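No experiment lies behind these values; they were computed from the predicted model shown.
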Amino acid sequence: MMRKSTLLTLIFVAAISVTGLTGQEQGTADGEWPTYGGNLSNDRYSPLDQVTPENFNDMEIAWQFSTDSLGPTPESRFQSTPLMINGVLYTTAGTRRAAVALDAATGELLWMYRLEEGERGATAPRRLSGRGLTYWDDGDSGVILYVTPGYQLVALNAETGLPVATFGNSGIVDLKQNIDQDLEPTSEIGLHAAPIVAGNTIVIGAAHRPGGAPPSRENVKGYIRGFDLRTGDRQWIFHTTPTADEFGNDSWQNGSWRYTGNSGVWAQMSIDPDLNMAYFPVEAPTGDYYGGHRPGDNLFSGSVVAVDLETGERAWHFQTVHHDIWDADLPSAPVLADITVDGREIKALVLPTKQSWLFVLDRETGEPVWPIEE
């Protein structure tokens, strides 16, 4: 059987010119790409203008980096978005999800890190290379953080690729611990998205196997957590399926909150540092096409939730689908943009959905910018 190799390729262009930067372009100037979405607003925009319709056909490949040897088999589903910071590309790669650093000009491998996870990694629900990693400017050498297939958070020195000894347990935090559930090393929970950092907090989501026909109405709950960037200690946890004394619990009728799982965040997240808020899109509960075991609206599934970045306290939420049973969960990070409507300036949040709808909300309050009919 023919296998497709995965190559990381850089297209060479002769000159660099950066003009017309605005506030929304912050973070992507001079060819930098410091976080998965370009910046914490996830607008995925770079102001570079070196590639034009006139020179597009003249571009040439400068170098290629093969990921074939980063795992027992060549990778056929490369999804990572590399970061570009100070002339270095950082990315996850290979079927064991290694973290690598490459010289952006030459493609030279500067360092590689891989955690051997054994059965824990082999049985993980979200394997392969994942969608990337994140960078934190600690005021020193910089720190690369990413989540392994077996759901462990790793902190690496950005210059050397060595684990940060003061973070967690010698550079590693076991994400299946301290999650308000009793989980085994092989429990069905993981993450293939890139984490997101701001201030002193790294926010970690949760993903499961595709939930089309789960074997049981029960599953691991996809709670969201914030961790201290310097120590790896948990700062907060947000119960995407509210427990008995929490807001939204009454939307899970017949006690279904006790056993229903999923409702994690497998997509990317966004952060507004000025408002000190993190925004995350929550997926469907167990399972995708049948909800008879979980009557009610099922908060916070199908919702975009805004929380305080430092405490995890809910500021607001907006549920796009009540009692999701058609796999209509939210697949993308909200885009944060400042807009003007009828002369009024609004700090907006634009939430894409699988149905090609865009929900536009005030990101300070969660109120719809324009009326939304149910």
*So Gln181 and Tyr223, side-chain contact (heavy atoms from CB on, under 4.5 Å) or not? Walk me through it.*
CA-CA 10 Å; Gln181 302 168 83; Tyr223 295 153; 3.8 Å; yes
Is it the case that one hydrophobic cluster holds both [X] and [Y], taking links as side-chain heavy atoms less than 4.5 Å apart, direct or via other members?
X: Leu145; Y: Ile172; answer: no
X: Met269; Y: Leu229; answer: no
X: Leu133; Y: Ile85; answer: yes
X: Leu349; Y: Val360; answer: no
X: Ile202; Y: Leu83; answer: no

*Output all residues satisfying side-chain hydrogen bond (donor to acceptor under 3.5 Å, both in side chains) with Thr311, sequence neighbours left out; order by chain, then residue number.*
Asp308
Quick check: closest heavy atoms across [X] and [Y], and the distance to 0.1 Å?
X: Gly27; Y: Pro34; answer: O-CD, 2.9 Å
X: Glu32; Y: Gly87; answer: OE2-N, 4.4 Å
X: Pro163; Y: Ser170; answer: CB-O, 3.5 Å

Side chains of [X] and [Y], donor plus acceptor under 3.5 Å:
X: Thr365; Y: Glu367; result: no
X: Asp174; Y: Asn169; result: no
X: Glu184; Y: Ser187; result: no
X: Asn249; Y: Asp245; result: no
X: Ser80; Y: Thr91; result: yes
X: Thr201; Y: Glu310; result: no
X: His192; Y: Gln79; result: no
X: Glu218; Y: His293; result: no

*Could you pull out all residues at least two apart from Arg127 that satisfy salt bridge (charged side-chain N to carboxylate O under 4.0 Å, His left out)?*
none
_Single hit among Arg225, Arg234, Lys221 for salt bridge (Lys or Arg N to Asp or Glu O under 4.0 Å) with Asp180_ = Arg234
*With a 4.0 Å cut-off, would you call Lys176 and Asp182 a salt bridge?*
no
*Electrostatic pair Arg77-Glu75, nearest N-O below 4.0 angstrom*: no
Does any part of the side chain of [Y], heavy atoms only, come nearer than 4.5 Å to the side chain of [X], both counted from C-beta?
X: Val304; Y: His317; answer: no
X: Leu70; Y: Val100; answer: yes
X: Val154; Y: Tyr113; answer: yes
X: Ile237; Y: Ile224; answer: no
X: Val164; Y: Val143; answer: yes
X: Trp257; Y: Pro242; answer: no
X: Leu110; Y: Leu102; answer: no
X: Ile144; Y: Trp136; answer: no

*Under the side chain to side chain donor-acceptor pair (under 3.5 Å) criterion, do Asp233 and Thr231 qualify, and how do the steps go?*
CA-CA 5 Å; Asp233 293 338; Thr231 66; 3.2 Å; yes
*Does the ring of Tyr36 carry Arg131 above it, NZ/CZ under 6.0 angstrom from centre and within 45° of its axis?*
no
*Phe247 ring centre to Arg314 NZ or CZ under 6.0 Å, with the angle to the axis within 45°?*
yes
Using atom types as modelled and distance alone, determine if a side-chain donor or acceptor of [X] lies under 3.5 Å from a backbone N or O of [Y].
X: Asp103; Y: Ala105; answer: yes
X: Arg209; Y: Pro214; answer: no
X: Trp111; Y: Ala158; answer: yes
X: Asn298; Y: Arg294; answer: yes
X: Thr353; Y: Trp357; answer: yes

*Start with the C-alpha distance between Leu361 and Leu351, add both sets of side-chain angles, then the distance that settles side-chain contact (heavy atoms from CB on, under 4.5 Å), and finish with yes or no.*
CA-CA 8 Å; Leu361 311 172; Leu351 179 69; 5.7 Å; no
*Taking Leu330 as the fixed residue, which of Thr320, Val321, Val265, Asp324 is the one that meets the side-chain contact (heavy atoms from CB on, under 4.5 Å) rule?*
Thr320
*Dump the intermediate steps for side-chain contact (heavy atoms from CB on, under 4.5 Å) on Asp338 and Glu345, then the final yes or no.*
CA-CA 7 Å; Asp338 297 338; Glu345 295 183 357; over 6 Å; no
*Test side chain to side chain donor-acceptor pair (under 3.5 Å) on Glu117 and Thr148 and set out the steps.*
CA-CA 9 Å; Glu117 297 185 288; Thr148 67; 2.7 Å; yes
*Inter- and intrachain pairs under side-chain hydrogen bond (donor to acceptor under 3.5 Å, both in side chains), touching residues 262-283, at least two apart*: Asn42-Ser270, His208-Glu283, Asn219-Asn262, Asn262-Thr286, Trp266-Asp329, Asp272-Arg363
*Does Glu313 CD have over 12 foreign heavy atoms under 6.0 Å away?*
no
*Measure the acute angle between the ring planes of Phe280 and Phe238, then classify it against the limits of 30° and 60° as parallel, tilted or perpendicular.*
perpendicular
*Give the intermediate values and the outcome of ring pair (Phe, Tyr, Trp, His ring centres under 6.0 Å) for residues Tyr90 and Tyr146.*
CA-CA 11 Å; Tyr90 300 95; Tyr146 81 107; over 10 Å; no
*How about Phe318 and Phe359: are their ring centres within less than 6.0 Å of each other?*
yes
*If you round to the nearest 0.5 Å, how far is CZ of Phe167 from CG of Asn157?*
13.5 Å
